[in-house]
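Please read these numbers as outputs of a predicted model, since none were measured by experiment.
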Amino acid sequence: MTQQGAPRDAPVPLERGAQNAARGPSGPAGRDPAARASAEGNSAAQGDPVAQGNSAARGDSAARDGDAADVTTPRARTHRVGGYTVVELHGEIDIAGVESVGPALDAATAGDEPAVIVDLRPAAFFDCSGLGLLCRAHRRVVERAGRMRLVCDNALILRTLRAGRMLGVLRPVATLDEALREEEQG
């Protein structure tokens with residue numbers, strides 16, 4: 001369970017009594033499987049990567065695909081599709097992440113008549129800081145007589161766009177193909 005507006009994997013703050021109960025046994029042996037095994041005298045577990053909490057040894061999908069932190073790390077991936085620059089925003093696009101992805105959007109919206117498609121589908125989280133980033137990109141495109149489309153299929157991000165009264169301005173579509181089709185027709 002997360003707080004409304006918090007990143008999906010953010011913990012819900014607990015009351016003081018619940019915090020103490022959630023901590024479990026105190027000390028490092030209470031939290032770390034390897035330390036607990038060592039404290040219990042189980043030296044075999046010390047050399048076992050699974051017992052030590054190594055997710056790659058267990059075969060977790062997050063470990064195979066990269067650390068879970070990579071899912072939340074803000075980054076932009078830019079590529080060309082036809083005559084359009086597509087900027088995919090990955091991770092948590094919040095006040096801390098805007099610095100990481102802003103330069104890619106600025107580069108895509110520079111020059112005369114930029115044709116930009118911003119893809120928010122890979123974004124894990126998007127708040128008003130991200131909304132400000134999109135507003136700046138949209139303003140830059142309009143000032144340069146360009147075109148900008150938004151791809152988004154996430155209900156929470158669409159709710160943020162609606163709250164910021166940007167749905168009618170950015171007119172998001174659900175897929176990249178749909179954005180390309182609409183740009184060709186428009």
Side-chain angles (χ1 to χ4, degrees), residues 1-12 55 60-186:
M1 180 174 180
T2 62
Q3 290 181 333
Q4 185 175 359
R8 292 182 189 132
D9 58 348
V12 175
S55 59
D60 290 354
S61 61
R64 285 192 306 269
D65 298 335
D67 289 336
D70 289 343
V71 175
T72 60
T73 302
R75 63 189 182 285
R77 178 180 171 259
T78 304
H79 57 97
R80 300 283 296 174
V81 176
Y84 303 96
T85 302
V86 178
V87 182
E88 296 176 358
L89 300 183
H90 295 257
E92 294 182 356
I93 310 304
D94 55 12
I95 194 164
V98 167
E99 290 179 13
S100 300
V101 299
L105 268 177
D106 287 345
T109 58
D112 294 330
E113 299 181 17
V116 179
I117 297 174
V118 179
D119 190 349
L120 294 179
R121 291 175 300 169
F125 177 77
F126 187 87
D127 69 3
C128 60
S129 301
L131 187 60
L133 186 70
L134 288 181
C135 289
R136 183 177 81 205
H138 183 262
R139 178 183 47 80
R140 288 171 52 95
V141 167
V142 169
E143 288 172 353
R144 293 167 172 81
R147 299 179 315 274
M148 180 173 142
R149 290 302 311 219
L150 181 66
V151 178
C152 179
D153 60 0
N154 182 309
L156 292 176
I157 295 175
L158 291 170
R159 182 188 298 176
T160 302
L161 294 170
R162 184 179 311 109
R165 299 180 187 254
M166 294 302 292
L167 277 180
V169 175
L170 298 174
R171 299 182 334 266
V173 295
T175 67
L176 182 59
D177 287 339
E178 194 176 345
L180 290 167
R181 248 190 335 271
E182 287 190 16
E183 280 299 311
E184 290 171 359
Q185 294 170 0

Rounded to the nearest 0.5 Å, what separates atom [atom1] in [X] from atom [atom2] in [Y]?
X      : Y      : atom1 : atom2 : value
Ile157 : Leu131 : CD1   : CG    : 11.0 Å
Leu150 : Arg121 : CG    : CZ    : 10.5 Å
Leu176 : Arg181 : CG    : CZ    : 10.0 Å
Glu99  : Ser129 : CD    : OG    : 10.5 Å

- prompt: Which is it for Arg147 and Val116 under the side chain to side chain contact (heavy atoms under 4.5 Å, CB included) test, yes or no, and what are the steps along the way?
  reply: CA-CA 6 Å; Arg147 299 179 315 274; Val116 179; over 6 Å; no

- request: Show your reasoning for whether side chain to side chain contact (heavy atoms under 4.5 Å, CB included) applies to Asp153 and Thr175.
  value: CA-CA 8 Å; Asp153 60 0; Thr175 67; over 6 Å; no

Taking all heavy atoms of [X] and all of [Y], pick out the closest pair and write down the distance.
X      : Y      : result
Val151 : Ala174 : CG1-O, 3.7 Å
Gly97  : Pro74  : CA-CG, 3.4 Å
Arg165 : Val169 : O-CG2, 4.2 Å
Gly83  : Ala115 : O-CB, 3.7 Å
Gly111 : Pro114 : O-CD, 3.7 Å

Answer yes or no: is there a side-chain heavy-atom contact under 4.5 Å between [X] and [Y]?
X      : Y      : result
Cys152 : Leu158 : yes
Arg140 : Met148 : no
Leu134 : Met166 : no
Asp94  : Phe125 : yes
Leu161 : Leu170 : yes
Arg80  : Val86  : no
Ile117 : Val87  : no
Asp106 : Arg136 : yes

- request: Under the side chain to side chain contact (heavy atoms under 4.5 Å, CB included) rule, what do Thr160 and Arg162 come out as? Steps first, then yes or no, please.
  value: CA-CA 5 Å; Thr160 302; Arg162 184 179 311 109; over 6 Å; no

- prompt: Is a salt bridge present between Asp119 and Arg77, judged by a nitrogen-to-oxygen distance below 4.0 Å?
  reply: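 No, this pair does not count.
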
task: Using a strict 4.0 Å threshold on nitrogen-to-oxygen distance, state whether Glu113 and Arg144 make a salt bridge.
output: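 So Glu113 does not pair with Arg144 through a salt bridge.
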
message: Does Glu143, at its CD atom, have more than 12 non-hydrogen atoms belonging to other residues, nucleotides or ligands within less than 6.0 Å?
response: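 Yes, enclosed.
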
- request: Evaluate the criterion side chain to side chain contact (heavy atoms under 4.5 Å, CB included) for residue pair Val101 and Leu133; output intermediate values, then yes/no.
  value: CA-CA 9 Å; Val101 299; Leu133 186 70; 3.5 Å; yes

task: Go through the structure and list residues passing side-chain contact (heavy atoms from CB on, under 4.5 Å) with Ala107, not counting sequence neighbours.
output: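 By the side-chain contact (heavy atoms from CB on, under 4.5 Å) rule, Ala107 matches no residue at all.
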
message: Quick check against the 3.5 Å criterion: does Arg75 have a side-chain atom that pairs as donor or acceptor with the backbone of Thr73?
response: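 Confirmed, Arg75 side chain pairs with Thr73 backbone.
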
Any donor-acceptor N/O pair, Arg149 side chain to Arg171 backbone, under 3.5 Å: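 At least one qualifying donor-acceptor pair exists.
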
